[in-house]
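Given the structure is predicted, the values throughout are model-derived calculations rather than measurements.
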Amino acid sequence: QVRLVESGGGLVQPGGSLRLSCAASGSIRYIATMGWYRQVPGKQRELVAVTANGGTTDYADSVKGRFSSSRDNAKNTVYLQMNNLKTEDTAVYYCNAESVVVSNGGRYPELWGQGTQVTVSS
């Protein structure tokens with residue numbers, strides 16, 4: 001059993017910062033990509049940042065220069081540092097992992113966390 005657990009969400013004022021963490025637990029050998037998506041009511045879930053196993057990250061245009069994501073493969077953890085937050089960043093942020101290989105050779109094509117609420121408000 002593999003699970004993703006997000007943490008670090010909360011309430012922050014515009015211009016503030018938050019750091020999200022997502023830890024994948026279980027007997028994991030390899031995760032191809034880990035990333036972050038966000039969703040607000042009435043809108044489709046959108047990609048925020050996706051990081052490959054080697055550490056290269058692709059960002060949505062709306063967060064470039066403000067958000068930074070990184071991976072600690074030894075801990076099977078991905079982080080999202082969010083700076084200069086705007087009210088438009090308010091959403092539920094979901095952790096995602098693709099192509100998760102477990103110790104017995106099995107594979108999970110895609111996994112999602114439960115989400116963590118980020119609210120940017122004065």
Side-chain angles (χ1 to χ4, degrees):
Q1 186 77 21
V2 177
R3 64 184 69 176
L4 304 178
V5 180
E6 303 99 332
S7 63
L11 175 65
V12 65
Q13 293 183 341
S17 298
L18 285 174
R19 183 173 183 261
L20 306 183
S21 299
C22 172
S25 63
S27 300
I28 299 170
R29 288 182 178 176
Y30 178 84
I31 303 176
T33 64
M34 299 186 73
W36 296 93
Y37 292 72
R38 66 187 181 187
Q39 188 169 27
V40 299
K43 296 186 65 177
Q44 189 175 5
R45 187 174 298 185
E46 65 176 354
L47 183 146
V48 176
V50 175
T51 303
N53 183 264
T56 301
T57 302
D58 293 327
Y59 298 94
D61 289 341
S62 59
V63 306
K64 287 180 179 178
R66 300 188 298 118
F67 291 10
S68 179
S69 183
S70 60
R71 285 178 63 169
D72 185 338
N73 291 335
K75 298 180 179 179
N76 291 314
T77 299
V78 64
Y79 306 92
L80 184 67
Q81 179 67 47
M82 303 184 293
N83 299 322
N84 192 24
L85 282 161
K86 306 177 184 296
T87 57
E88 304 94 280
D89 296 317
T90 296
V92 177
Y93 284 71
Y94 296 91
C95 181
N96 169 266
E98 294 184 351
S99 299
V100 180
V101 181
V102 296
S103 60
N104 66 357
R107 181 183 295 268
Y108 293 84
E110 185 177 66
L111 293 171
W112 291 94
Q114 295 298 311
T116 184
Q117 177 71 48
V118 172
T119 301
V120 185
S121 176
S122 60

Exercise for review: State the CZ-CD distance between R38 and Q117, to the nearest 0.5 angstrom.
Suggested key: 12.0 Å
Practice item. Please name the pair of heavy atoms, one in V78 and one in M34, separated by the smallest distance, quoted to 0.1 Å. Key: CG1-CE, 3.8 Å
Review point. To the nearest 0.5 Å, how far apart are OG in S68 and CG in N83?
Key: 8.0 Å
Check your understanding: Quick check, are the ring centers of W112 and Y37 under 6.0 angstrom apart?
Key -> yes
Exercise for review: Determine whether I31 and N53 make a side-chain contact, defined as any pair of heavy atoms from C-beta on separated by less than 4.5 Å.
Suggested key: no
Revision key, fill the gap. Rounding to 0.5 Å, atoms CZ (R19) and CE (M82) come to a distance of 11.0 Å
Exercise for review: May I ask whether Y79 and Y93 are part of the same hydrophobic cluster, defined by side-chain heavy atoms of I, L, V, M, F, W, Y residues being less than 4.5 angstrom apart, directly or through others?
Suggested key: no
Point to revise | Shortest non-hydrogen contact from G115 toward V92 | key: CA-CG1, 3.9 Å
Check your understanding: What pair of heavy atoms forms the shortest contact from C22 to L4, and how long is it?
Key -> SG-CB, 4.0 Å
Practice item. Taking the side chain as every heavy atom from C-beta outward, state whether V50 and W36 have any atom pair closer than 4.5 Å. Key: no
Review point. Are any of the side-chain nitrogens in D89 or K86 under 4.0 Å away from the carboxylate oxygens of its partner?
Key: no
Review point. Taking all atoms of both residues into account, what is the closest heavy-atom pair of S62 and R66, and its distance?
Key: O-NH2, 2.9 Å
Review point. Within a strict 4.5 Å, meaning less than it, do heavy atoms of the L20 and T116 side chains meet?
Key: yes
Check your understanding: Will you find, in the side chains of T90 and E88, an N or O donor that is under 3.5 Å from an N or O acceptor?
Key -> no
**Study point:** Separation of S17 OG from L85 CG (nearest 0.5 Å)
**Key:** 6.0 Å
Check your understanding: Closest approach of Y59 and F67, non-hydrogen atoms and distance?
Key -> CE2-O, 3.5 Å
Revision key, fill the gap. One should read off an interatomic distance between T87 OG1 and Q13 CD, to the nearest 0.5 angstrom, of 12.5 Å
Review point. Passes side-chain contact (heavy atoms from CB on, under 4.5 Å), T51 versus S70? Steps please.
Key: CA-CA 7 Å; T51 303; S70 60; over 6 Å; no
Practice item. Work out which heavy atom in Y94 is nearest to a heavy atom in G113; give both atom names and the distance. Key: CD2-O, 3.6 Å
Review point. Under the 3.5 angstrom rule, does the side chain of E6 hit a backbone N or O of Q114 as a donor-acceptor pair?
Key: yes
Practice item. Report the C-alpha distance between T119 and V12 in whole Å, list the side-chain angles of each, state the deciding distance to 0.1 Å, and finish with yes or no for side-chain contact (heavy atoms from CB on, under 4.5 Å). Key: CA-CA 6 Å; T119 301; V12 65; over 6 Å; no
Review point. How long is the gap from CG on L47 to CG on N96, to the nearest 0.5 Å?
Key: 8.5 Å
Review point. Is it true that a side-chain atom of T77 and a backbone atom of K75 form a donor plus acceptor pair closer than 3.5 Å?
Key: yes
Exercise for review: Could you check if a side-chain atom of V48 sits within less than 4.5 angstrom of a side-chain atom of L80, using non-hydrogen atoms only?
Suggested key: yes
Review point. Is there a side-chain contact between V101 and I28, using heavy atoms and a 4.5 Å cut-off?
Key: no
Point to revise | Heavy atoms from other residues, nucleotides or ligands near CD of Q44 exceed 12 (cutoff 6.0 Å) | key: no
